[in-house]
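Each residue takes its place number in the sequence, starting with 1. A quick note: this is a predicted structure, and the numbers were derived from the prediction, not measured.
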Amino acid sequence: MDGNEQPPVTVTRPLVNHRMLAMLRAVGAGRGLVSCSSEPDLFIDGLSCGDQFAAHTLAHLGLVRAAGPGLPGELVPAVLTAAGQAIISGEQRPAA
């Protein structure tokens with residue numbers, strides 16, 4: 001480098017495992033509901049996800065969110081954020 005070059009920009013995206021990827025795909029397909037809570041629970045096809053830790057992680061990473069407002073504890077449709085959509089569209093590979 002001659003001193004005028006900028007270092008390459010590194011974009012860090014959250015890595016998800018295969019189970020989380022399946023959860024994201026289900027939400028992306030319109031099959032998800034989320035509870036209105038600080039620790040949102042995820043429901044797929046009307047059934048509670050067996051791995052609520054993963055569901056909470058997806059929400060806290062900003063990959064899944066409620067489609068709209070709701071009362072505390074109410075179930076509302078879940079949607080992917082732009083970051084969640086980027087993951088399932090193949091822009092990022094899941095963690096092993």
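Residues forming a side chain to side chain contact (heavy atoms under 4.5 Å, CB included) with Arg25 (at least two apart in sequence, or on another chain): Leu21, Ile88. Applying the side chain to side chain donor-acceptor pair (under 3.5 Å) criterion to Ser37, with sequence neighbours excluded, gives no partner residue.
Members clustered with Leu47: none, using a 4.5 Å side-chain heavy-atom cutoff among hydrophobic residues.
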Ignoring hydrogens and angles, write down the donor-acceptor pairs under 3.5 Å from the side chains of residues 62-80, residues two or more places apart or on other chains.
{"residue": "Glu74", "atom": "OE1", "partner": "Leu71", "partner atom": "N", "Å": "2.7"}

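Side-chain contact check for Leu58 versus Val27: every heavy-atom pair is 4.5 Å or farther apart.
Between atom CE of residue Met23 and atom CG of residue Asp51 there is a gap of 6.0 Å, rounded to the nearest 0.5 Å. Distance check: Ser38 OG to His60 NE2 gives 7.0 Å after rounding to the nearest 0.5 Å. Note that the CD atom of Gln52 and the OG1 atom of Thr57 stand 10.5 Å from one another [nearest 0.5 Å].
Under the 4.5 Å side-chain heavy-atom criterion for grouping Ile, Leu, Val, Met, Phe, Trp and Tyr, Val34 is not connected to Ile87 through any hydrophobic cluster.
Applying the salt bridge (Lys or Arg N to Asp or Glu O under 4.0 Å) rule to pairs touching residues 27-40 yields Arg31-Asp45, sequence neighbours excluded.
In this structure, Pro40 and Ser35 approach most closely via the heavy-atom pair CB-O, 3.4 Å. Summarising the geometry of Ile44 relative to Cys49, their closest heavy-atom pair is CG1-SG, 3.6 Å, with the distance given to 0.1 Å.
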